[in-house]
Each structure stands twice: as structure tokens, then as C-alpha cells.
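Here the structure is a predicted model, which is why all the values come from computation and not from measurement. Within every chain, numbering begins at 1; the chains are lettered A, B, ... in the order of the sequence lines, protein sequences first and strands thereafter. Just the heavy atoms: all of them, side chains too, but no hydrogens, waters or symmetry mates, feed the values below.
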Protein chains: 2
Amino acid sequence: MAKSKNTEQKIFDAATELFLEKGVDRTSVREIAAKAGINLALMNYYFRSKENLFDAIFSMLVKKNSEELIRILDSDLGLFEKIRQYVHVYIDMLSDNPLLVSFVMAILHRSRERITEMKVISSLYSTDQFTKQILEEGKKGNIRRTDPTHFFVDMLSLIAFPFAIRMLVMDKNNFTQEEFNQFIRERKDRVPDILIESLKPRS
Amino acid sequence: MAKSKNTEQKIFDAATELFLEKGVDRTSVREIAAKAGINLALMNYYFRSKENLFDAIFSMLVKKNSEELIRILDSDLGLFEKIRQYVHVYIDMLSDNPLLVSFVMAILHRSRERITEMKVISSLYSTDQFTKQILEEGKKGNIRRTDPTHFFVDMLSLIAFPFAIRMLVMDKNNFTQEEFNQFIRERKDRVPDILIESLKPRS
DNA sequence: AAATCGTTTTAAACAATGTTTAAAACAGGG
DNA sequence: CCCTGTTTTAAACATTGTTTAAAACGATTT
């Protein structure tokens, strides 16, 4: 067990860098091996497959980023403030990690096959506390009675989809990268406003 | 030029069927050739590459489906009614063509490379008339003053993203396929409600 | 110190992919 | 009937992820 941890780490690091830089599909295992300075077969020796290697890296990335989101959902903040914070932090997170967006896209793209990774993403959304909160506030009449699943899907959609169609938005509006960033920043207030408005009791 | 149109069509049809059935990435050109009953090289003779073949098929599919959407956006319906119809038709379209969803996912996934297909999608959104309408209604005070780009992105997000995360939603809520379909159906009224609510002047 | 045993590394090959080549088959017009 | 351009074919190519079987290594036992 001399250099074992060492090589495994070298593969992991090289792959992470390349995956993030060029995307999973456009990175070959030979490239990874070259960058890590190791033999090709070692990749399959330590990780059973490229897919497996991706899983490991992805899990690591998600875990690193998801803690704060989960903490917010489980906190005892008021519903509206919770929504504001969640959206804010989530959009910041996706802004800071473009790679994360493209990873998730890759997974969603083949969602039927990528069940393992799907579970990892799924673990990001422990919505029990949040669900309860929505139901209770609805019962109390503080907000409109709302299906928590629908609401959560609405929230995720408004947060994440704009990143997925970034190229489309930029092309359509002749945005520079910086203008797109600004566009996204504006959504940090806009999205919570829409969501909260949809919860307010009818006038 | 004897059987030329014939073979080209045979390739096109076989590929369409396979792409829709198993997805683009999981369909090999040899499979297409076999199904079409033609020689492997003919695929590259008529279409320059697999990518190109995909483009041709995708453009065809989009054109077939997008007419109605464009017609609605350009119509002189009232804003709220226009939103309702657009969302309704769009969600129906995505429900009826799961393949279309997975195609778009594939394209968005590699949006940096797939510029051709991006343009095809982009052509789907001739929002000039719709943009003008939002600005005018805002000026008149009938609705809140709203950035049309943001609003259109909101609308697309709420319509399309749930399809992208279908597996996640099903897994999280233990939905059957039919229950998911029902969930989507519910959104045909829900999504316009949210959007319209977000436009209504503050109370 | 030498031998043994499990772990790590290596070079080579494998099967499957998309793509290209160079020649053959074909069709129609001079 | 031959010539010319189009269509088709079989074979090969380069690149992918993965596997194999042997070599190198390291520590433990004899």
C-alpha cells in the first residue's frame, strides 16, 4: 500500500480537472492517464470504469456544495425568508461552479441510465421539513394551500433552467458573458418574488 | 439519381425511429445502416456525419411542432390568454413527444458545440410581438412593468424543466409514469397562474 | 538473505465506435 | 458501345473504453 493512495489521488485530481475543463464526454481516459502520469490500465484498476470515476468525483462535488442548501431547508426560518435564502445561495452556487451545471446536465441527459448519480442529486433534496412548513402555513391560512411538490419543482425550475439555456439566452439577446452574469444576478431577487407572490392568499 | 432519394429517405427514417427509441448517443451508425438495409458508408455519403444526420432530423421535428407555438406568440390574443394558451400547447407538445425532450437535453448538454442545433431552437422563439405586448401593457399600467426577457425565461423554465428532471421527481415522490403525467397535466393551469400572478400590479 | 505472497504497474490486445478510402456497379447520353 | 458521373460496396482507419496476462514491487515469513 505504498503509493496506492497516491496514484488513486493523482487519477482523481487529473480527471476532476479535465472533466471540469472540457466536460466528461470530451475527456478520454487516455488523456486522464497522461495528465496523471500513470498507466492507462490503472484507471480501471482503481475505479472500475470511467463512469465510476465520474460518480466518485460528482459525489464529492455535490457533497461539498450541498451542505448549506440542506441546512437552509431544514432551518426554522420563516417560509418566505427561507425561500429567499435558498434561491440566493443556490443561484450563487451555480454561478460559481459552471462545471456543476454541466455535470448535472450530463446526468439529466441520460437520466434513465445514470441512476447512481440521480440518487446523489436526489439526496440534495431532503424536503421533509420544507414540505411540512408549506402544508402548515397553508392550513393556518398564512399562505394559499399549495402542493409542496409543485412548489419545489417551480422553485428548482426558476433557479436552474436559466443556466441550462444559457447559450440560448445569450444568443437571443446578444448578451456578453458579463451581461448574462448580470441577468442571473437579477434573478436572485426576482425568483423569490415570483414564488412568494404565488403563495400569497388571493386578494 | 435512381434510388438516391429512396436510400436517403431510408436512412432518415431508420435513424429517426432509432434516435427516438433509444436516444442519439445509444444508437450506432451500424445499427442505422442495418435497419435501413443499406451499406454503412452510405450514411456518410448522404449525410456528412452522424451529427449532421441528427441535425436534419431535429430540424424536421422542431419545424413540425413549433408552428403552433409561434402562431400563438404572434397572435393578437390578450396577454393573459396568450400565456395560458402558450403554456398549455407547449406542455402538451412536450408530453406527446418525449423524444423531443431528450433531443433538446442532448443539445443543451453540449450547447457550446451544438451551435447549429441551438440556432434551430432559437428560431422557435420569435418573441418580438410578445415582448412588445409586455412592454406596452406595462406602460399602460395593466400589468407590473416587467423585463420581457426575464419573463420569457421564467415561462420556459416552468414549462420545460420539470420534464428534464422527470426521473428525479418520480424517484422523490414514488410516482408511477401515469402519476407523473398527471403531475404534468396539473401544471397546465398552475404555471399560467403563477406567471399571471407575477404580472398583476402590486396590491 | 532467500523465498513467498499479495498488491501495484505495465504493455499489449480487445471490441465497439464514427469515418474514410479506393474500387466496383450502375445509369444515362454522346 | 463507350464514357462520365453517380451510387454502392468491402475494407480499412483512428479513436474510444475496457480487459488480460505478465512483470515489478514490497512486505512478511522462513
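Rounded to whole Å, atom C1' of C:dT8 lies 15 Å from atom CZ of A:Phe47. Between the CD1 atom of B:Ile32 and the P atom of C:dT17 there is a distance of 11 Å, given to the nearest Å. Straight-line distance from the CZ atom of A:Phe54 to the C1' atom of D:dT18: 19 Å, rounded to whole Å. Between B:Asn6 atom CG and D:dT8 atom C1' there is a gap of 14 Å when expressed in whole angstrom units. Atom CG in A:Asp25 sits roughly 19 Å away from atom P in D:dT15 (whole-Å rounding). In this structure, A:Tyr46 atom OH and D:dG17 atom C1' are separated by 19 Å, rounded to whole Å. The interatomic distance linking A:Leu18 (CG) with D:dG17 (C1') rounds to 16 Å, in whole Å. Rounded to a whole Å, the CG atom of B:Leu40 is 15 Å from the P atom of D:dC13.
Ring centers of A:Phe130 and A:Tyr125: at least 6.0 Å apart, outside the cut-off.
B:Tyr45 has no side-chain polar atom (N or O) that falls below the 4.0 Å cut-off from OP1 or OP2 of D:dT6. Under 4.0 angstrom from either OP1 or OP2 of C:dT8 there lies no side-chain N or O belonging to A:Thr7. Listed pair B:Asn39 / D:dA10 meets the phosphate criterion, a side-chain N or O lying under 4.0 Å from OP1 or OP2. In this model, the phosphate group of D:dT15 is not approached by any side-chain N or O of A:Ser28 to a distance below 4.0 Å at OP1 or OP2.
For A:Asp25 against B:Arg110, the heavy-atom pair with the smallest separation is OD2-NH1, 2.7 Å. The two residues B:Ser122 and A:Lys172 have their closest heavy-atom pair at O-NZ, 3.2 Å. Closest approach of A:Met170 to A:Thr176, counting heavy atoms only: CE-C, 3.8 Å.
Of the residues near DNA chain C, B:Thr27 and A:Leu42, the one whose nearest nucleotide (by heavy atom distance) lies more toward the 5' end is A:Leu42.
Distances were taken from every side-chain heavy atom of A:Arg30 (C-beta onward) to each of C:dT19, C:dT9, C:dA13; the shortest belongs to C:dA13. Listed nucleotides D:dT20, C:dT19, D:dA10 differ in distance to B:Ala41; the shortest reach to its side chain belongs to D:dA10.
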Report task. Take B:Lys119 and A:Asp171, measure what salt bridge (charged side-chain N to carboxylate O under 4.0 Å, His left out) needs, and give me the verdict at the end. Result -> CA-CA 9 Å; B:Lys119 296 281 174 190; A:Asp171 182 87; 2.7 Å; yes

